[in-house]
Amino acid sequence: MRISRLVTRTLRDDPPEAETASHRLMLRAGLIQQVAAGIYAYLPLAWRSLRKIEQIVREEMDAAGSQELRMPALQPMELWEQSGRAAAFGDNMFSLEDRRGRPLALAPTHEEVVTNIVKGNVQSYRDLPVILYQMQTKFRDEPRPRAGLVRVREFTMKDAYSFDAGDEGLDVSYQAMAQAYRNVFRRCSIPVVMAEADSGAIGGKDSHEFLLPTDTGEDTVITCPSCGYAANAEKAAGVYPDQPVPDPLPLEEVSTPGMKTIASLCEFLGVDEAQTLKAVFYSADGEVVFVTIRGDLEVNEVKLKNALHCNELRLAEDEEVAAAGIVAGSASAIGITKVRRIADSSISNGGNFVVGANKNDTHYRNANYPRDFDADLVTDIALTEPGHRCADCGADLEFTRGVEVGHIFKLGTFFSEALGAYYLDSDGGQQPITMGCYGIGVSRILAAAIEQNHDERGIVFPAPIAPYDVHLVALNMSDEAVAAAATDLYDRLWAAGIEVLFDDRADAAAGVKFNDADLIGLPVRLVVSPRNLRQSAVEVRGRTAEDADMVALDDVVSAVNGLIQPD
RNA sequence: CGGGGUGUAGCGCAGUGGCUAGCGCGCCACGUUCGGGACGUGGAGGUCGGUGGUUCGAAUCCACUCACCCCGACCA
């Protein structure tokens, strides 16, 4: 490709709206162009890179025994009602109607459709296992798109679905996919952490996220430096500091004028936050829920949502709290009976707690569970935070930010039962197919690869996903010898199977061309110039190399091959 | 959805009631240049996000509205 003809314009300065490196560099290098919030056009350079990423994913999925197919992005809403997920996705799903008023969805994912396909093609355990995958555009009406290609509303995903006879088969498929994912990320130069993750509203057993650790990531990964445990913040099972369990003292009312927060209350009474129980109020699918947790801990809303089996969970509004008869600021579960009460297991870690007295400016000392109050459910809903320890080995946990580039789930039989996908086992019994699903954000891989591989001058494309192998710079194209030599080299490289981006611009200064080459960040830069031609040579330089090599014109092809195929 | 911010030429920005709305980059023409973001001369390019209002007069003031960005909520 000749840059003089390339539909892409590099920017001299950083775009002010871009905060993260990948977003900034993709805009500056002319890889992407925004169309609306969270909706981007992939310009020619990005598209070449994305096609290479897709090809790597394909190779690894095929090697793992998976078959590619293509399902529609436009789907009848009926299918989503059938699985019950129309409500689970809610406003995140783009929905529309056809000319006859039939409800349709732009698919955010494809479990429903793929399950129906398999249902029609698998009858016996002899037909299993099956793993299907596709490259498809997904539509999710994210509440807040951000960071360029990191969180968008329309994106390319590779999604795969495994179908097995039973849990042992699923384990095999799951491991095969996990290994394929590791291979993909290694080939794209994205060092990932594989972390335990929450399996979401659908349930299922295991789930793992693949995350690129980076400060600009939007997820939190919790890792144990000692035993290698890794989990995301929603899933992580950390151990919070133990409190001594004292002998219970009698409940005692104290006046606490104006004390509405845990911090002010603790200061006023001279107690530690861990010696209090706090009350938090949520709205779970519209129902007010009373949550009790030790004062030094926070509620993990994902764990709470799972415990409640609800679709929508948010903090309750003040009016909702008041309408439920709760005295915000001085509330406790003591005497509360009209709303559902959930408590974290930490209510039994410690004792003689300070709690609200359910009337203004008043608290109790020495509250103990279950002597003084009851709960409908006591379970682990505490958020793991800095300072907590590894549940496996007791070491201090480490917290880092990360960008999620892949996510795998053991789904179990949720979809096969909802949509009627059964097989006959060897005894002639009908069984629901055991499923797994596996997603890679293809367009997010591009962002993550750039986030990981760049320097102050621009992108440092990993060779396997670079839009072109070589950036050929011709200095002074009006010099006929330069034009002739560069054009000849361009043709010879392509003939040798090397992909070349040729900066043939006649009007751009040398500095402009060099800066653009650094910005776009192809693995190898070649310079043809009057100066070099006097030695019948070309300058060859790797993107991150300190110095350039002078290589004879006739040897350039083999020199380039040596740089881009080091293995 | 809550909080904060921004919409003026392709891009980045200036312009707080007054004449024909400017600057830099980019773009077009010609010439000179040619190894790390060149120079000269001439030129093209604008519903000032939208609607309504106030005013002799609105990019500028008021109301409403739309879009986009950032933080949070949210996010299989």
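Each chain gets a letter, A, B and so on, in the order its sequence line appears, and its residues count up from 1.
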K.L.:
Checking side-chain polar atoms at under 3.5 Å, does A:W80 have a donor or acceptor matched by the opposite partner on A:Q75?
P.N.:
yes

K.L.:
Taking only the P atom of each, what is the distance from B:rU65 to B:rG3 in whole angstrom?
P.N.:
14 Å

K.L.:
Using the C1' atom on both, measure B:rG24 against B:rG15 and round to a whole Å.
P.N.:
15 Å

K.L.:
Please give the nucleotide sitting opposite B:rG57 as a Watson-Crick or G-U wobble pair, both distances under 3.5 Å, or none.
P.N.:
none

K.L.:
With both distances under 3.5 Å as the test, what is the Watson-Crick or G-U wobble partner of B:rA9?
P.N.:
none

K.L.:
Determine, for A:F155 and A:K138, whether the Lys NZ or Arg CZ falls below 6.0 Å from the six-membered ring centre while staying within 45 degrees of the axis.
P.N.:
no

K.L.:
Can you tell which of B:rC34, B:rG36, B:rC25 lies closest to the side chain of A:S478?
P.N.:
B:rC34

K.L.:
For A:R144 and B:rC71, is the shortest distance between a side-chain N/O and OP1 or OP2 below 4.0 Å?
P.N.:
yes

K.L.:
Paired with B:rC34: which nucleotide, if any, by Watson-Crick or G-U wobble criteria at under 3.5 Å for both distances?
P.N.:
none

K.L.:
For the base of B:rG36, is there a side-chain donor-acceptor partner from A:N515 under 3.5 Å away?
P.N.:
yes

K.L.:
If you check every side-chain atom of A:S529, which of B:rC75, B:rG35, B:rG36 has the closest atom?
P.N.:
B:rG35

K.L.:
Taking N and O atoms by type only, does the side chain of A:N476 place a donor or acceptor under 3.5 Å from a partner on the base of B:rG35?
P.N.:
no

K.L.:
Would you indicate which nucleotide in B:rC68, B:rC75, B:rA76 comes nearest to any side-chain atom of A:R151?
P.N.:
B:rC75

K.L.:
Under a 3.5 Å threshold, yes or no: a donor from one side chain and an acceptor from the other, between A:E60 and A:Y181?
P.N.:
no

K.L.:
At 4.0 Å (heavy atoms only), tell me whether A:R505 reaches a base, stays on the sugar-phosphate, or touches nothing.
P.N.:
nothing

K.L.:
Looking only at side chains, do A:T137 and A:E154 share a donor and an acceptor under 3.5 Å apart?
P.N.:
no

K.L.:
Counting neighbours of CZ on A:R5 that are heavy atoms of other residues, nucleotides or ligands and sit closer than 6.0 Å, is the number greater than 12?
P.N.:
no

K.L.:
Select base, sugar-phosphate, or nothing to describe what A:R534 touches, counting heavy atoms under 4.0 Å on all strands.
P.N.:
nothing

K.L.:
Give the rounded distance in Å between these two atoms: CG of A:N300 and P of B:rA73.
P.N.:
13 Å

K.L.:
A:P16 has a side chain; which of B:rC13, B:rC68, B:rG35 sits nearest to it?
P.N.:
B:rC13

K.L.:
For nucleotides B:rA14 and B:rG22, find the distance between their C1' atoms and express it as a whole number of Å.
P.N.:
7 Å

K.L.:
Using a heavy-atom cut-off of under 4.0 Å over every strand shown, decide if A:A147 touches base, sugar-phosphate, or nothing.
P.N.:
sugar-phosphate

K.L.:
Side chain of A:E404 only, heavy atoms from C-beta on: which candidate in B:rC74, B:rA76, B:rG35 is closest?
P.N.:
B:rA76

K.L.:
Whole angstrom is fine here: how far is it from NE2 in A:H471 over to P in B:rG36?
P.N.:
16 Å

K.L.:
Checking base pairs now: Watson-Crick or wobble, both atom distances under 3.5 Å. What partners B:rG72?
P.N.:
B:rC1

K.L.:
Atom CG of A:D14 to atom C1' of B:rG37: distance rounded to whole Å?
P.N.:
14 Å

K.L.:
Just compare B:rG35, B:rA76, B:rG37 and give me whichever is closest to any side-chain atom of A:L411.
P.N.:
B:rA76

K.L.:
Taking the side chain of A:R146 as its heavy atoms from C-beta onward, which of B:rC25, B:rC70, B:rA76 lies nearest to it?
P.N.:
B:rC70

K.L.:
To the nearest angstrom, how far is A:Y40 atom OH from B:rC69 atom C1'?
P.N.:
10 Å

K.L.:
If you assign each of A:R140 and A:F514 to its closest nucleotide in RNA chain B, which residue comes earlier from the 5' end?
P.N.:
A:F514

K.L.:
Which nucleotide in the set B:rG37, B:rG35, B:rC69 lies at the smallest distance from any side-chain heavy atom of A:V512?
P.N.:
B:rG37

K.L.:
By nearest atom, which of the nucleotides B:rC68, B:rG26, B:rG35 is closest to the A:R9 side chain?
P.N.:
B:rG26

K.L.:
Give me the distance, rounded to whole Å, that separates B:rG18 from B:rC27 when you measure between the P atoms they each carry.
P.N.:
35 Å

K.L.:
What's the gap between B:rG10 and B:rG53 when it is taken at their P atoms, as a whole Å value?
P.N.:
29 Å

K.L.:
Would you check if the side chain of A:N116 reaches a backbone N or O of A:K119 as a donor-acceptor pair within less than 3.5 Å?
P.N.:
no

K.L.:
Base, sugar-phosphate or nothing for A:E234? Non-hydrogen atoms, less than 4.0 Å.
P.N.:
nothing

K.L.:
Reckon A:A36 touches a base, only the sugar-phosphate, or nothing at all at heavy-atom distances under 4.0 Å?
P.N.:
sugar-phosphate

K.L.:
How far, in whole Å, is B:rC48 from B:rC61 if one measures between their C1' atoms?
P.N.:
16 Å

K.L.:
Assign A:D479 to base, sugar-phosphate, or nothing according to its heavy-atom contacts below 4.0 angstrom with the strands shown.
P.N.:
nothing

K.L.:
Given the C1' atoms of B:rC11 and B:rG52, what is the spacing between them in whole Å?
P.N.:
32 Å

K.L.:
Which comes earlier along RNA chain B counting from the 5' end, the contact point of A:L519 or that of A:P145, where each point is its nearest nucleotide?
P.N.:
A:L519

K.L.:
If pairing requires Watson-Crick or G-U wobble contacts with both distances under 3.5 Å, which nucleotide is the partner of B:rU51?
P.N.:
B:rA63

K.L.:
Using the C1' atoms only, state how far B:rC25 lies from B:rA44, rounded to an integer number of Å.
P.N.:
16 Å

K.L.:
If you draw a 6.0 Å radius around NZ in A:K235, do more than 12 non-hydrogen atoms from other residues or ligands fall strictly inside?
P.N.:
no

K.L.:
Classify the nucleic acid contact of A:E19 as base, sugar-phosphate or nothing, counting any heavy atom under 4.0 Å across all strands shown.
P.N.:
sugar-phosphate

K.L.:
Once you apply the 3.5 Å cut-off to both distances, tell me the Watson-Crick or G-U wobble partner of B:rC27, or none.
P.N.:
B:rG43

K.L.:
Strictly by modelled atom types, are A:D171 and A:Q175 linked by a side-chain donor-acceptor pair under 3.5 Å?
P.N.:
no

K.L.:
Do the ring planes of A:F185 and A:F210 sit parallel (below 30°), tilted (30 to 60°) or perpendicular (above 60°)?
P.N.:
tilted

K.L.:
What's the closest nucleotide to the A:D516 side chain, out of B:rG37, B:rG35, B:rC11?
P.N.:
B:rG37

K.L.:
Quick one: is B:rA38 close enough that its OP1 or OP2 comes under 4.0 Å of any side-chain N or O from A:K513?
P.N.:
no

K.L.:
For the pair made of CD1 in A:I520 and C1' in B:rG36, what is the distance, rounded to whole Å?
P.N.:
15 Å

K.L.:
Got a donor-acceptor pair under 3.5 Å from the side chain of A:R525 to the base of B:rG36?
P.N.:
yes

K.L.:
B:rC69 phosphate, OP1 or OP2: any side-chain N/O from A:Q34 under 4.0 angstrom?
P.N.:
yes

K.L.:
Between A:R525 and A:E539, does any side-chain N to carboxylate O distance fall below 4.0 Å?
P.N.:
yes

K.L.:
Whole-Å distance between B:rA76 P and A:M157 CE?
P.N.:
11 Å

K.L.:
Using atom CG of A:N92 as one end and atom P of B:rC1 as the other, report the distance to the nearest whole Å.
P.N.:
13 Å

K.L.:
How close or far is atom P of B:rC11 from atom CG of A:L43, stated in whole angstroms?
P.N.:
14 Å

